[in-house]
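Accompanying notes for the structure given below.
Just so you know, residue 1 is the first one in the sequence shown, and it goes up from there. All ligand and atom numbering here is 1-based and tracks the order in the structure.
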Amino acid sequence: MRAHVITFGCQMNEYDTLTIQSELVAGGHDLVDHPRDAQLILLNTCAVRGKPVEKVVSVLGDLRKEKAAGRDLAIGLMGCLAQLDEGREIARKFGVDLLVGPGAITDILPAIEAFEAARDAGAARSRIDRLDFRTDLVGHLTPPPAFGTLTGFVTIMRGCDHHCTYCIVPQTRGPEVSRPLAAILHEARAMRDQGVEEVVLLGQNVNSYGRDDPAVPSFAELLRAVADVGFPRVKFTTSHPMNFTSDVIDAIAETPGVCDYVHLPVQSGSDRVLRRMAREYRRERYLEIVAELRAKLPDVVLTTDIIVGFPGETEEDFAQTLALYDEVRFDAAYMFAYSARPGTPAHARFDDLPREVKSERLGRLVERQKHWSLEANRRFEGREVRVLVKELGRDGVHAVGHSDQHHTVLVPATQVQRMGLHTVRVEHATPHALYGRLAGTRHDAVALPLAS
Ligand code: SAM
Ligand code: SF4
């Protein structure tokens with residue numbers, strides 16, 4: 001069939017989409033660039049908050065209309081939403097043909113075959129469901145991205161063993177399983193051979209890598225091994241404060257390719273809220289990790305995730321989050337209003353706060369973050385940073401890339417002859433980006449035309 005995959009959500013889903021696509025090609029299906037040319041459309045979904053679910057529902061609504069108007073189309077719901085009762089209900093409502101969970105990606109071909117067999121036999125359409133957590137997925141090798149891709153993702157572990165009360169992920173992605181070191185290094189080497197300059201190691205809690213399996217190394221050892229593959233840059237996300245041990249900080253400090261950039265979600269500054277969220281650390285422990293990071297990596301860029309308006313969060317609790325901001329001075333933060341997810345303990349046990357309370361607090365936090373992001377970014381003014389320039393910016397005037405420490409960096413497009421790593425002298429900082437000019441270019445930068 002001519003197939004098209006639409007990806008929603010996080011980088012892990014982008015990585016999973018590569019696996020889905022490679023399975024489709026291995027099964028003799030053709031990938032098409034546009035959904036209108038497809039006979040099979042697969043939605044690789046996200047269910048972490050209500051908004052991404054609404055987006056999926058909106059696309060499914062459009063596709064249902066096209067089917068009703070006579071288009072011969074098969075629709076597959078994949079990813080986190082597929083694994084939930086909520087997803088099954090949506091699939092029923094919108095006439096989805098295939099329901100395949102994130103642990104069953106390698107079941108996609110048999111699912112399509114079963115669908116085609118039923119269709120060819122003239123049977124009334126009934127949905128094909130594949131929702132196991134398959135063990136072969138951890139050793140499965142995902143092919144490298146297309147030639148010319150500068151940033152590559154490698155999932156190092158799947159699932160999550162934590163039980164944060166707001167979060168649906170443990171249900172959708174199952175328990176933690178570390179991928180074998182050999183599989184990770186195989187994918188990393190293939191990427192490097194393909195010209196990838198920056199590899200990002202992915203997992204819900206990357207620093208738990210290896211804890212489920214004595215046969216695989218620790219996360220700190222893995223970081224060093226991946227850096228040895230020869231990438232100019234190694235990044236990783238997401239770290240959990242619970243197991244963020246000193247050996248990981250040492251590996252970052254001692255391994256030149258591993259970037260001084262740590263994304264360490266705190267979620268709240270209030271111990272009372274952290275307890276109700278079932279986060280397994282408290283404010284003081286978080287601050288200890290920050291102190292160790294800054295002592296060993298003086299230039300570290302530290303970012304975080306915050307949930308505002310968790311059920312029962314008082315003004316006093318929220319004040320503690322603001323105070324934590326002032327104490328830590330994060331370089332950047334992903335800030336979310338709490339979104340009640342059916343199937344989570346918080347949804348079952350706690351009453352949601354009024355929407356206005358959540359958005360008013362979110363607005364205040366965003367303002368505070370802007371202030372600290374500007375302060376943090378200003379410390380780079382006048383300095384040289386290494387930037388992986390990847391594309392022409394939306395304004396058509398700047399080329400855009402990311403620094404080693406993950407700042408968005410813009411340089412005049414007229415200066416950029418090639419994509420790849422460049423040295424940039426920073427002239428001006430805003431809360432969201434650094435603006436500068438090229439100071440030097442690595443001569444083996446990837447030769448690609450600057451395309452929009
Ligand atoms: N495993 C990572 C951790 O524990 O830090 C994060 C993974 S989660 C998919 C990404 C972020 O989404 C979380 O850090 C949290 O801030 C946010 N999130 C998860 N569930 C949420 C909910 N119900 N409402 C709002 N934000 C949520
Ligand atoms: Fe969700 Fe918590 Fe697991 Fe992160 S650690 S994926 S927030 S349950």
### Heavy atoms from other residues, nucleotides or ligands near CD of E315 exceed 12 (cutoff 6.0 Å)
yes
#### Entry: Any donor-acceptor pair under 3.5 Å from R279 side chain to R276 backbone
no
### Task
Sequence neighbours left out, what passes side chain to side chain donor-acceptor pair (under 3.5 Å) with T237? Give chain and number order.
none
### Task
For S208 and R211, indicate whether the former's side chain and the latter's backbone hold a donor-acceptor pair under 3.5 Å.
no
### Query
Taking atom CZ of R173 and atom CD1 of I168, what is their separation to the nearest 0.5 Å?
13.0 Å
### D326: partners by salt bridge (charged side-chain N to carboxylate O under 4.0 Å, His left out), with sequence neighbours left out
R368
## Note on the structure
Result for side-chain hydrogen bond (donor to acceptor under 3.5 Å, both in side chains) between S270 and one of T321, D317, T314 points to D317
### Message
Distance under 4.0 Å, heavy atoms only, partner ligand 1: which residues pass?
### Response
V48, R49, Y166, V169, Q204, N205, T238, H240, P265, Q267, R279, D305, I307, F336, A337, Y338, S339, R341
### Message
Using a 3.5 Å distance criterion without hydrogens, assess whether the side chain of N207 forms a donor-acceptor pair with backbone atoms of H240.
### Response
yes
### Query
According to the interplanar angle, ranging from 0 to 90°, do the rings of Y261 and H406 count as parallel (below 30°), tilted (30 to 60°) or perpendicular (above 60°)?
parallel
### Message
At less than 2.8 Å, how many protein N/O/S atoms surround atom 2 (Fe) of ligand 2? Leave waters out.
### Response
1
